There are 2 protein chains.
Amino acid sequence: MKQITKHNIRNSLRRIFLYHGLLVRLNSMGVTRVFSYTLAEGTGVTPEQVRKDFSEYGIRGNRRGGYITASLLSEIEALFNRDWISNVILVGMGNLGQALSKYGQFIKRGINIVATFDVDPYKQKVRAENCVYPPGRLQEIIDRFSVKVAIIAVPDISAQDVCNELVSMGIRGIVNFSPVLLKVPVYVVVNNVNLCDEIESVILSVYRMKEEQSLFL
Amino acid sequence: MKQITKHNIRNSLRRIFLYHGLLVRLNSMGVTRVFSYTLAEGTGVTPEQVRKDFSEYGIRGNRRGGYITASLLSEIEALFNRDWISNVILVGMGNLGQALSKYGQFIKRGINIVATFDVDPYKQKVRAENCVYPPGRLQEIIDRFSVKVAIIAVPDISAQDVCNELVSMGIRGIVNFSPVLLKVPVYVVVNNVNLCDEIESVILSVYRMKEEQSLFL
DNA sequence: TATGTTTTGTGATTTGTTTCACATTAACAA
DNA sequence: TTGTTAATGTGAAACAAATCACAAAACATA
């Protein structure tokens, strides 16, 4: 079984997102021109790497004038081809799901959560603005909005079942916030995000740093 | 400036967390023995890699009997040295912060959020169970619980200020959920988690997969 | 105790990624 | 028009990570 996880998405591609995020902010601040070192500075990589990454994806700048912010942004977004696919659904409205559904950054970045789902009838408040659908309406919504990507934020026990259901309904990309490895057909992309791991890695790094310092004492 | 980000935390270390998470679950399910291929299967890597990773961190198994789940777990946790440092604080109680503060997985993994903070007086409900402190009490809490790691979930404009303050108060590790690159002294570890990027990477991968398939038509 | 089997542990090899060094180009100034 | 400068773009080199192949060990069985 082959999954696209944090570990096998190309590093260069992950950095393109980094540049994209920064560019969105710079653009909204009215910065019209950027240089490889601008992006490098803002994302913590080297200028060479920025250029190499752009080179890999066929993005070119002006030999002396750097890059035009707006064009660069649209070139990256063209690369993403974001028009037809940025509608996503969110399954699981626990604490994390609720937070994600209200997270303001998504829409700024062109990620549109068209609907949220939960099995819990108590959470299914189909009011006007913040409605949560029952799983029975998944297929209908997926079809209506041609959704291809889903966010899974359900408890680990039900994650695989939900995943299977979504895949059978046409979902081809999954962002998985549950701590289980989802089994999916080869044509489905999975990205696992594990908040515990993110925090643990810092805890351990801090500890290791202490250890290294103490070697000098 | 050198940061420990998603990209420069050793891959092997990231995988150790993956194994740890799986082991916690296997252990609670009563599995007493695991093999490199058990862990490989459950985390989507190869058995050789599992062994190589353990080898790197000096963790050894039994030549024929694999690994004893409980011992392996405590060896990894000893590696983390989690006793003195697993108290963390959370700054910023917006949507994401609130979700993180209620996220049940943390405590299962030994991550203990000892206090949460927000500048907004409306959010500062210092009731018994779910209290949110004003920033003025940061130093007091950091000292009292010897906190070394903080989670930043504040809006991007204030992220750098909050970060500076935390570092000056003794914080040495930061999990940054805001989309800005924090400038920190070399002895501070930063892990940037960007939820937009995680979702975008899947959107793009799905698109690329479609593209590749269409080459065969 | 000897033998076959299973699984770990690791040197050697391959593959992938980042950095370096510099040729190339565009803008500007005199 | 011509030289100077400030950027990009990229092949080559250095580095890092993953895979392979197999030796070493431990257990089971006779």
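Quick caveat, the model's predicted, so the values are computed rather than measured. Note on naming: letters A, B, ... go to the chains in the order of the sequence lines (proteins, then strands), and numbering restarts at 1 for each one. What you see below is based on every heavy atom in this structure, not just the backbone, and it leaves out hydrogens, waters and symmetry mates.
- Remark: P of dG9(C) and OH of Tyr37(B) are 15 Å apart, rounded to the nearest angstrom.
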Where do N or O atoms of nucleotides 21-26 of chain D meet protein N or O atoms at under 3.5 Å, pair by pair?
{"residue": "dA24(D)", "atom": "N3", "partner": "Arg63(B)", "partner atom": "NH1", "Å": "3.0"}

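- Note: CG (Leu39(A)) to C1' (dG9(D)) measures 15 Å, nearest angstrom.
- The CD-P distance, from Glu56(A) to dG11(D), rounds to 13 Å in whole Å.
- A sub-4.0 Å separation between OP1 or OP2 of dT19(D) and a side-chain N or O of Thr46(B) is present.
- Under the side chain to side chain contact (heavy atoms under 4.5 Å, CB included) rule, Ile89(B) has a single partner from Ile113(B), Thr116(B), Leu138(B), which is Leu138(B).
- Contact check for Phe106(A) versus Val88(A): no side-chain heavy atoms found under the 4.5 Å cut-off.
- Among all heavy-atom pairs drawn from Ala159(A) and Val154(A), the shortest one is CA-CG2, 3.6 Å.
- For Lys52(B), the side-chain atoms get nearest to dG11(C) when compared with the rest of dT19(C), dT7(C), dG11(C).
- Between the CZ atom of Arg60(A) and the P atom of dA7(D) there is a distance of 18 Å, rounded to whole Å.
- Nearest heavy-atom pair across Arg15(A) and Val45(A) is CD-CG1, 3.7 Å.
- A straight line from CD of Glu41(A) to P of dA7(D) spans 14 Å, rounded to a whole angstrom.
- Of the candidates dT18(C), dT8(C), dG9(D), the closest approach to any side-chain atom of Ser36(B) belongs to dT8(C).
- Under the 30°/60° scheme for interplanar angles, the aromatic rings of Phe35(B) and Tyr37(B) are found to lie parallel.
- What separates CG of Asp53(B) from C1' of dT10(C) is a distance of 13 Å, to the nearest Å.
- Residue Tyr67(A) has a polar side-chain atom (N or O) positioned under 4.0 Å from OP1 or OP2 of dG9(D).
- In this structure, Arg33(B) atom CZ and dT7(C) atom P are separated by 11 Å, rounded to whole Å.
- The separation between Ile68(A) atom CD1 and dA7(D) atom C1' is 13 Å, rounded to whole Å.
- Annotation for Lys148(A) and Val206(B): closest pair CB-CG1, 4.4 Å, computed over non-hydrogen atoms.
- The distance from the CD atom of Glu198(A) to the CG atom of Asn176(B) is 11.5 Å, given to the nearest 0.5 Å.
- When distances run from any side-chain atom of Gln49(B) to the nucleotides dT18(C), dA18(D), dG9(C), the shortest one goes to dA18(D).
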